[in-house]
Structures are given as C-alpha cells and as structure tokens.
There are 2 protein chains.
Amino acid sequence: MLNVGDRFELNFTFSEEAVRGFAEVTGDKNPIHLDPEFARTTVFGRPIVHGMFVGGLISRALGCHFPGAGTIYMSQSLKFLAPVFVGESVRIELVLTELGEKGRGTISTTAFRSDGTRVVEGEALVKLPKGAG
Amino acid sequence: MLNVGDRFELNFTFSEEAVRGFAEVTGDKNPIHLDPEFARTTVFGRPIVHGMFVGGLISRALGCHFPGAGTIYMSQSLKFLAPVFVGESVRIELVLTELGEKGRGTISTTAFRSDGTRVVEGEALVKLPKGAG
C-alpha cells in the first residue's frame with residue numbers, strides 16, 4: 001500500500017554516449033545536444049541534455065519502481081527550469097502527493113543537479129497498480 | 001517569421017528495434033514495452049510504446065524543425081489518451097497557438113495514430129529563436 005508522502009529517488013548520469021543514444025533513437029539531432037562547437041555559440045555555452053531525456057527517466061522511475069509495474073501513465077507536466085549539461089548527473093525525486101478516486105495517484109516529479117539546483121519540475125497523474133492505492 | 005496558426009507535422013514508426021533502443025538508453029525496461037507475453041496479461045494485450053518516446057518526438061519536432069534550431073524549451077504538458085502499440089506509426093502535429101511577450105510562443109502538440117485516434121495531446125511553451133517571433 002502506498003501512502004501520501006511516500007517517495008522514491010533515482011540517480012542518473014548523462015554520459016556523452018547516452019545523449020548520443022537518445023538523439024539516435026528519437027531522431028532529435030539538434031546540435032545543441034551533440035556539437036560542442038555549435039553549443040559554444042549559444043546561450044548555454046556547451047552541450048545540454050535533451051529535456052525530454054529527463055522526462056524519460058521520470059517515466060522509468062514511475063513505471064519500473066514507484067509505483068512500478070502495472071502503473072498506467074495518464075499525464076505529465078514538465079517545466080524545464082535550468083539546463084543539464086552533458087556529463088552531469090541528476091537525481092529524480094518522486095513524491096506521492098494525492099490519492100484520488102478510481103485508484104488514481106498524483107506524484108510530484110522533480111529533477112535536481114548534484115549541486116541541488118532544481119532543473120525540471122512537474123507532476124504525473126497515474127492509475128496505480130491494483131492493490132497499491 | 002512565424003504566425004499564429006502555422007503548423008508542422010512529423011511522422012514516425014515505432015519499430016520494435018526503436019522501442020528497445022529507447023528502453024536501453026533511458027533504462028526504462030518495463031516489460032509492458034518489451035515482453036509480448038507479459039503484455040498479454042495486461043489491459044493492453046500487447047507491447048506499447050513508452051509514452052515519453054512520443055514526448056521525445058515532440059521535442060525533436062520543436063527543436064529540429066518548428067520553430068527549429070535556437071528554440072529554448074520552457075515547458076511541456078502531455079496527456080496520454082490511448083496506447084500506441086509497438087509497430088504502429090504516429091503523426092505529430094504542432095500548431096503555433098499564441099505569440100507572447102519576450103519572444104515566447106505557445107504550441108499545441110498532438111500525436112495521432114494512423115486511424116486518426118488522438119493518442120497524446122498537450123502544449124509546449126518555448127522561447128522562439130531570435131527573429132522567429
């Protein structure tokens with residue numbers, strides 16, 4: 001049984017190889033993610049991780065761990081507050097904030113850089129696995 | 001120059017290989033996406049694409065095409081309305097719905113299955129590339 005306030009954390013390091021892999025798989029080969037020379041000409045100064053890669057990790061945390069197998073993803077909001085640079089790590093933090101009707105749960109989904117900067121924040125609405133809510 | 005009402009479409013087919021690739025890169029190896037036998041025991045009946053993979057394609061369409069290079073992603077909402085099965089194709093449709101202050105743009109982001117079913121809907125807020133707004 002899950003209770004409001006329960007939380008889960010997942011750590012992930014965005015290696016250059018991982019970011020290239022995400023670009024290959026999705027076809028998102030925007031040079032801001034892949035080309036240091038191009039990135040130097042932008043406001044970021046160096047290659048940044050695809051924001052939606054952080055979204056993919058939130059999805060992984062929800063579907064594989066918290067609540068885990070059987071979870072049905074209904075919606076997700078994502079605010080991209082600060083860039084994550086290639087090579088950096090993030091901590092994804094999920095907190096169950098509400099248990100609703102029909103086995104639904106609201107989960108706050110936040111990503112932090114290792115220096116504590118909040119880089120992505122948002123909220124997921126899920127249908128909980130049977131018996132979890 | 002972009003105008004309200006401008007639109008862009010991107011088509012993508014989710015091969016088994018692509019879905020395995022997304023699972024490898026993000027670590028989201030939930031068997032609902034990868035294991036037909038497991039999927040048969042669920043409400044979906046067969047493997048489904050990671051919802052956030054559709055999110056990755058929306059990000060690709062925004063960052064690579066519309067508005068394209070120089071776009072800064074500020075936020076994204078995603079409602080997962082219906083499953084996309086592995087092997088199926090989707091059409092991502094972006095429509096510029098609002099031009100705001102400080103070079104900001106609001107873009108509706110919708111994904112359709114080939115039978116016209118709306119599978120994902122949501123909205124992106126972006127900072128447009130210089131000169132685009």
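It should be emphasised that the depicted structure is a prediction, and the values quoted were computed from it without experimental measurement. Order of the sequence lines sets the chain letters (A, B, ...), proteins ahead of strands, with each chain counted from 1.
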query: Y73(B) and H50(A): side-chain contact (heavy atoms from CB on, under 4.5 Å), yes or no, with the steps?
result: CA-CA 10 Å; Y73(B) 215 172; H50(A) 303 75; over 6 Å; no
message: Could you go through E9(A) and R7(A), starting from their C-alpha distance and side-chain angles, then the distance that decides it, and tell me whether this counts as salt bridge (charged side-chain N to carboxylate O under 4.0 Å, His left out)?
response: CA-CA 7 Å; E9(A) 289 188 5; R7(A) 60 180 61 218; 5.4 Å; no
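Note that CG of L99(A) and CD1 of I107(A) are 9.0 Å apart. Values are rounded to the nearest 0.5 Å. Between the OG1 atom in T110(B) and the NZ atom in K79(B) there is a gap of 11.5 Å [rounded to 0.5 Å].
Under the 6.0 Å distance and 45° angle rule, R46(B) counts as a cation-pi partner of F85(B).
Put simply, of E123(B), H33(B), M74(B), the one with the most heavy-atom pairs under 4.5 Å next to chain A is M74(B). Of the listed residues (G27(B), G51(B), A18(B)), the one with the most heavy-atom contacts under 4.5 Å to chain A is G27(B). Chain B forms the most heavy-atom pairs under 4.5 Å with one residue out of F44(A), F38(A), F12(A), F53(A), and that residue is F53(A).
Only the side chain of V43(B) comes within contact range of chain A, with heavy atoms under 4.5 Å apart. For I72(B), the part lying under 4.5 angstrom from a heavy atom of chain A is the side chain only. Proximity to chain B (any heavy atom under 4.5 Å) is shown, for I32(A), by neither the backbone nor the side chain. Both the backbone and the side chain of S59(A) come within contact range of chain B, judged by heavy atoms closer than 4.5 Å.
Side chains of S114(B) and E88(B): no donor on one and acceptor on the other come within 3.5 Å.
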